[in-house]
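Predicted, not measured: the structure shown is a model, and the values here were computed from it.
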Amino acid sequence: MLEILLQAAGDLLSLQTMMFLLIGVLLGLVFGVIPGLGGTTALAILMPLTFGMRAIDAFAMSGAIMGAVGMGGAFTAILLNAPGTAPNAATCLDGYPMATQGRAAEAIGANATASPLGGLFGLFTLLLILPLAKQLVLLFGPPEFFLLAVFGLVTIALSDSANLVRGLIAAGVGLMLAFIGYDDVSGGARFTYGSDYLWDGIPLVPALVGLFAIAEMLRISISGTSVAADTSTVDLKGMMKGVRATFRHWRIVLRSSIIGSVVGAVPGVGGTVATFIAYSTTKKSDPDPDSFGTGRIEGVIAPEAANNAKDSGALLPTLAFGIPGGSEMAVFLGILVLHGMQPGPTMLLNHEREIYGLILALTFSAVFSAIVGLFLVRWLAMITLVKGQILAPLVIVVAMVGTYAIDSQPGDVILTAVFGMLGYLMLRYNYPRLPLVIALVLGATAERGFLQSMMISHGDWSIFVGSPASIILVILISLTLAWAVVTGIKKPMKTVRGA
Amino acid sequence: MNSSHGTNEPGRLLPVIVIAAVVAAYMLTGFFTLDADQRRVPMLTGYLTLVLLVLEAFSNRFARRRTRDKSPATPSIPVSREILALAYVAALVMGIYFVGYLVAIPVYLFVSLVWLGSQPVRRSAIITVTASIAIYLIFQLTLSYRLFKGLLFS
C-alpha cells in the first residue's frame, strides 16, 4: 500500500495537477457559497469538461471541489443564515448569531480550522480501512455482486423516511432505464426502438448533468434566489481567535470527525444527518446546553468538522463497493466512468493508484480550501449578489456545451435536456432523484449478477445464501427493509396522535 | 393554477398515472419485442414498480382525506412560469440541433434573461454578448472543442 501511495503522491505533485487542484478549490468555494448549488451541481456541470484531462487531473479537480464546497457553504451559513449546502444548515444555528454579535470573523476562523482537521481525520480513517475493504472485495462473486447492488438500491431508496414508496418507485424507473441497450448476458438490444444512439444504453454523464445541474438551474430560475452578504466585520484578528479556539476544543473536533466519518459511510444517510448529530452531541455533552444557539463557537466547530469528515466516509462505499453514498458521489462515479473506470467492487482492485491519488487530492484540498477561503471570503460573499435568474441560464448553457464535448453527439444534448426536465419534475412532485441515479448506475451490475448466479446454480435460489458474505448482505437488506417499514408505520401513528 | 416546490402534496395522482402509463408501455414493448430470457428481469421490475405505484396512489388518497381540513398555506409558483422555463430549455436544444451552438446560445440567453429573468434589456444584452464570447473563446479556441454547427450550417 505504501508504494502505491507514494506513486499516487508523485502523480499528484506535478505543477499541472496542482493547478487543477487549485482550480477545483476555487470552483468548490464559489459553488458552495451560492445557496442552491453545491458540490453535486458543480461536479455535474464540470464532469463532461474533464473528458480531455488526464485521470489524475480530473480526480484532483473533483476531489478539490468536494473538499472545498462545504467551506464555501459555511461562509453563507455564518454571514447570511442561509446554508450554501444542506449539511451547512447546522452551522447556521450558532454561526449566524455570532455574526450578528460582530464575531463573524471568529466563526469563519473556526470553520476554516475545523473543516480541514475533520477532513484530514476522515481521510486518515479511509486510508486505514481501504486495504481491508480490498480483501473483502476479493471474496465477492456474482451472487454477492447482485446482493450488494440490491443493498445499495434498497438503502438509498429507503433513506428518505418521508418518501419511502416514492424512493422505491424512482429506483424502479432507474432500473428500467438501466436495461435499455445491448444486453451482453442474453444478447440483443432491448428497448432501443431502433435507435443506434441507445445501443450502448443511457449514457451516464448526460443523464447526471441533466438530473442534477439542469434540474437545479430550472428550479432556481423558476423560483428565483437572491441573497447578499455583509462582510464588513470579517478581519484577520478575529479569524485567528477562531483558529485558536478550534485547537482548544480538540476533543469536539475529534468526536465530530468520528461521527462524520461513520455516518458518511452509510449510503443514503447524507451529510446533513452527520452535521446535526455532531452538533446535538456536542450540545448535550456541554455543561450549559441551553446556551447553544446564541453564538457558541463550539456550535460552529462541531458541524464543520463532521461535514468534511463525512466526505471521506462517503468515499468508502463508493470506491470499495461501487455504491454511491449520496448524490455527490453518484455524480463523481460518472467522472470515474468517463475516465475508463467501471464502478463496482473491482474498481478498488484495478485502479488502486488512481484512488489513492484521489484521496491525496482530497487531503490537499481540505487544507488549501481553508487557506484560500480565508483570503477570499469577502469576494466569495459578493457572489451571493448575483441573482438566480441570471446565473441559471448561464450555467445551463455551459452544461449543454460540456455534455456535447464528451462524444460530439447531438443526442447527448437532447438526453441532457430530457433528464433535466425529468429531474425538475421529480423535484416538483417530491420524488427523490438519488434512487433513480443509483439504479441507473447499479442496474446492469444487479441484472448481470442475478443472471450469472442463476446460470451457475441452474436456477437454484439458495446460491444467494451460499456464502457468509451473501448471508450478511441478505440480513442487512432485511434489516433495512424492516427498519423502513417500522419507520413508515410509526410516522402516521405519531401524526394521528398529535392531531 | 399554482404549484409548490418540493412539498409532499397529498392527492397528486398525476405523476402516478403518468409513470404507470410509461411503465405499462415499457412492459408492452418488452413483451412483444423481446424473448423470455431478455425480458425476465425488466418485466419483474415493471411489475414491482406498478405495485408500488398502486401503493402510492392509495397513500395519496389517504393523505388527502387526512389533510383536507388543515392544508397549510404554501408559497405558490405559477404553472405557466414552469412551462415557460421548460419550453425555453427545449427551444435551446432544438436551436442547438438545427442552427448550432453559436446561434442558439446568444438567442437563448437573451430571451431567458429578458422574459424569464425580467432583467433590463441593456443588462441582458451585455451579459449575453460577454457570455457568448467567453464560451467561444474558452471552449472553441482554448480547449479546442468543436461546437456543433447545427444541421442547417454543417
Using only atom types and a distance under 3.5 Å, with no angle test, would you say the side chain of [X] pairs donor to acceptor with the backbone of [Y]?
X      : Y      : result
B/S112 : B/L109 : no
A/D407 : A/Q409 : no
A/R448 : A/F145 : no
B/T29  : B/A25  : yes

Please flag which part of [X] lies under 4.5 Å from any non-hydrogen atom of chain A: side chain, backbone, both or neither.
X      : answer
B/L34  : side chain
B/R146 : backbone
B/A104 : neither
B/Q119 : side chain

For a quick check under 3.5 Å, do A/Y424 and B/E82 share a side-chain donor-acceptor pair by atom type?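 Yes, B/E82 and A/Y424 have a side-chain donor paired with an acceptor closer than 3.5 Å.
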Taking [options] one by one, which has the highest count of heavy-atom pairs under 4.5 Å against chain A?
options                     : value
B/T49, B/L55, B/I96         : B/T49
B/I19, B/V16, B/L48, B/I138 : B/I19
B/L113, B/T128, B/I135      : B/L113
B/L50, B/L53, B/D37         : B/L53

Quick one: of A/E447, A/R190, A/M400, who has the most non-hydrogen atom pairs under 4.5 Å with chain B?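 Looking at each of A/E447, A/R190, A/M400 in turn, A/R190 comes out on top.
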Under 4.5 Å, counting heavy-atom pairs only, tell me which of A/F179, A/Y193, A/Y404 racks up the most with chain B.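 Heavy-atom pair counts peak at A/Y404.
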Let me know if A/L49 has heavy atoms under 4.5 Å from chain B in its side chain, its backbone, both or neither.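 Both backbone and side chain.
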Is chain B contacted by the side chain of A/A189, its backbone, both, or neither, given a heavy-atom distance below 4.5 Å?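 A/A189 touches chain B through backbone heavy atoms alone.
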Are B/F148 and B/Y101 near enough that their ring centres are under 6.0 Å apart?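 When the ring centroids of B/F148 and B/Y101 are compared, they turn out to be at least 6.0 Å apart.
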Would you please classify the geometry between the B/Y88 ring and the B/Y108 ring as parallel, tilted or perpendicular, with 30° and 60° separating the classes?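 B/Y108 vs B/Y88 ring planes: perpendicular.
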Parallel, tilted or perpendicular: rings of B/Y26 and A/F191 (30°, 60°):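 Correct class here is parallel.
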